[in-house]
> 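Below you will find the structure I want to go over with you.
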2 protein chains.
Amino acid sequence: MPPLDDAPVRGHGGFGLSCVHCFVSDSAFCAGLPANDVQRLSAIVSQVQFAAHATIFEEGEQAGFLYSIAGGSVKLYKLLPDGRRQITAFLFPGEFFGLALDGGYAYTAEALTPVVLCRFPRRKLDLVLENAPRIEKRLLGLAINELAAAHEQMLLLGRKTAREKVATFLMMLSRRAERRGLPATPIALPMGRTDIADYLGLTIETVSRTLTQFKREGVIALPDAGHAELLVPQQLCCIAEGG
Amino acid sequence: MPPLDDAPVRGHGGFGLSCVHCFVSDSAFCAGLPANDVQRLSAIVSQVQFAAHATIFEEGEQAGFLYSIAGGSVKLYKLLPDGRRQITAFLFPGEFFGLALDGGYAYTAEALTPVVLCRFPRRKLDLVLENAPRIEKRLLGLAINELAAAHEQMLLLGRKTAREKVATFLMMLSRRAERRGLPATPIALPMGRTDIADYLGLTIETVSRTLTQFKREGVIALPDAGHAELLVPQQLCCIAEGG
DNA sequence: CGAATCCTTGACAAGATTCAACTCGGGTGG
DNA sequence: CCACCCGAGTTGAATCTTGTCAAGGATTCG
């Protein structure tokens with residue numbers, strides 16, 4: 001599926017926004033940078049939109065852009081030849097993706113909801129980086145953060161039970177919602193059960209059963225399939241850590 | 001267990017080696033850098049040794065150093081409160097570890113064999129980086145590589161069967177041995193079965209059984225527990241990808 | 001030689017998957 | 001407007017891969 005808008009607006013004014021004013025989150029790519037660095041990024045950025053379920057780029061594809069999410073959410077995943085899938089990350093406004101070397105992207109990126117992305121051409125970004133060590137430092141910092149998250153996810157995938165996995169997942173969504181200034185509960189589940197399962201290394205049935213179990217235990221409520229209320233976050237946290 | 005040598009030799013001459021001549025691998029931290037950059041790194045590096053099974057640093061510890069392996073191998077891991085362990089990486093000569101932000105190290109690092117490490121103090125490294133964008137770029141590149149490896153490992157942990165996991169593991173060791181100029185087979189298994197299990201998200205029994213199965217199928221030979229010969233690497237590769 | 005550790009093997013149990021039926025809600029078209 | 005259909009989610013029963021528990025080799029090292 002193609003992006004909604006294939007002729008992105010360049011720099012200032014894309015969708016009426018300039019990077020200078022676009023602080024979607026403190027953890028955003030451009031957050032915490034001095035004004036002149038933001039200016040330089042602003043000069044090379046364009047905004048693009050994708051419809052829900054649209055593929056932003058595919059694993060192995062030549063990596064031409066770095067993306068930062070202005071609105072909506074994105075999932076990253078890898079596939080095995082027979083179609084088995086591992087989602088490696090869900091991303092929300094203010095988060096970025098697309099870091100890659102010459103080998104191309106290491107994963108496929110797909111829009112979970114309609115998304116608005118800030119897109120930085122890699123070549124131009126490289127040029128900007130020559131004279132903006134701050135930005136490069138920021139990029140390294142973000143990569144290190146991603147790395148820490150990846151290690152955490154390996155611990156989850158390799159050593160946690162289904163119960164612990166689902167609990168961890170809910171807590172993670174809650175914490176990240178909070179960091180974006182949203183309430184810690186109820187939380188939105190913009191992804192389907194299949195996506196949750198492919199993120200946690202489970203099947204949809206196991207995810208569904210586990211959620212139902214939490215509901216029966218009174219730890220969560222599920223007003224509908226797309227939302228969850230954490231009734232006893234503390235206990236959920238215990239379960240997540242192996243309690 | 002303490003390091004063998006707690007009074008590291010500084011800069012040139014540690015164990016009779018200078019960074020200028022220490023090209024343990026093309027993928028090493030300092031490989032591919034211009035001579036003057038290597039010189040600057042050389043000025044702040046010290047070499048340290050650790051005995052097998054010694055802890056180099058622990059998860060959460062304030063991150064004071066960045067390490068590069070001159071000789072020996074290292075494992076990185078994370079623990080759950082109840083002791084369950086996930087090894088996130090095995091590292092060999094030329095590879096580096098210890099990237100961290102202010103949150104401290106994201107994992108524990110432990111010597112698998114006796115190791116010789118090049119140790120870069122983070123504060124001094126930061127200063128060097130101010131005037132050496134090449135090095136920073138290299139660091140970012142290495143982080144991106146690590147990230148790609150982490151994603152690959154998530155796919156393994158979340159979606160591969162025990163058979164596929166063990167096959168992938170053997171192939172990975174073989175490929176990495178090759179990259180270091182060693183023969184692709186036989187390969188050394190410097191880690192015990194417990195470590196392999198904790199790396200693959202399995203139990204030692206399953207690892208042992210799977211290896212035995214491969215042996216019976218004639219795909220590998222196990223001269224002893226610490227070495228494996230890949231008799232039909234091609235088939236092992238098939239198994240690894242889900243064939 | 002004996003003790004300790006690691007690895008292998010076997011029998012059994014359990015957690016998660018698979019297969020299948022059923023429910024729910026939303027959209028479509030008669 | 002309503003019946004129908006479709007996709008997504010839930011639930012149940014059977015199965016299976018992997019884990020658990022236990023015992024038996026092998027290797028090392030004092």
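Please read these numbers as outputs of a predicted model, since none were measured by experiment. No hydrogens, no waters, no symmetry mates; every other heavy atom, side chains included, goes into these values.
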> Can you confirm whether the side chains of B/T168 and B/K160 place a donor and an acceptor under 3.5 Å from each other?
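Side-chain D/A pair, B/T168 to B/K160: present.
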> Protein within reach of the bases, or only the backbone? For nucleotides 18-30 of chain D, mark each nucleotide 5' to 3' as B, S or -, using heavy atoms under 4.0 Å.
SSBB---------
> Between atom CG in B/D195 and atom C1' in C/dC7, what is the gap in whole Å?
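Result: 14 Å.
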> State the CD1-CE distance between A/I239 and A/M171, to the nearest 0.5 angstrom.
10.5 Å
> With 3.5 Å as the limit, what N/O pairs link the protein to nucleotides 3-6 of chain C?
none

> Is the cationic atom of B/R119 (NZ for Lys, CZ for Arg) positioned less than 6.0 Å from the six-membered ring centroid of B/F65 and within 45 degrees of its normal?
yes
> Between atom CG in A/L222 and atom P in C/dC24, what is the gap in whole Å?
15 Å
> Kindly write out the residues that satisfy salt bridge (charged side-chain N to carboxylate O under 4.0 Å, His left out) with A/E164, not counting sequence neighbours, or none if the list is empty.
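Expected list: B/R84.
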> Between the side chains of B/E110 and B/Y77, is a donor N or O closer than 3.5 angstrom to an acceptor N or O?
yes
> How many whole angstroms separate atom CG of A/D224 from atom C1' of D/dA8?
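About 12 Å, once rounded to whole Å.
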> Aromatic contact between A/Y67 and A/F96, with the criterion being ring centroids under 6.0 Å apart: yes or no?
no
> Find the distance between CG (A/L236) and CG (A/L170) and round it off to the nearest 0.5 Å.
5.5 Å
> To the nearest angstrom, how far is A/Q213 atom CD from D/dT11 atom P?
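So the two atoms are 11 Å apart, to the nearest Å.
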> Could you check whether the rings of A/Y107 and A/F57 sit parallel, tilted or perpendicular, using 30° and 60° as the cut-offs?
tilted
> Working to the nearest 0.5 Å, report the span between CG of B/L200 and CG of B/L156.
6.0 Å
> Roughly, in whole Å, what's the span from CG in B/L189 to P in C/dT8?
10 Å
> In terms of side-chain heavy atoms of B/T194, which of C/dC7, D/dG9, C/dT8 is nearest?
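So the nucleotide nearest the side chain must be C/dC7.
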> In whole angstrom, what separates A/I204's CD1 from C/dA16's P?
16 Å
> Would you kindly give the CZ-to-C1' distance between A/R216 and D/dG12, to the nearest whole Å?
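To the nearest whole Å, that distance equals 12 Å.
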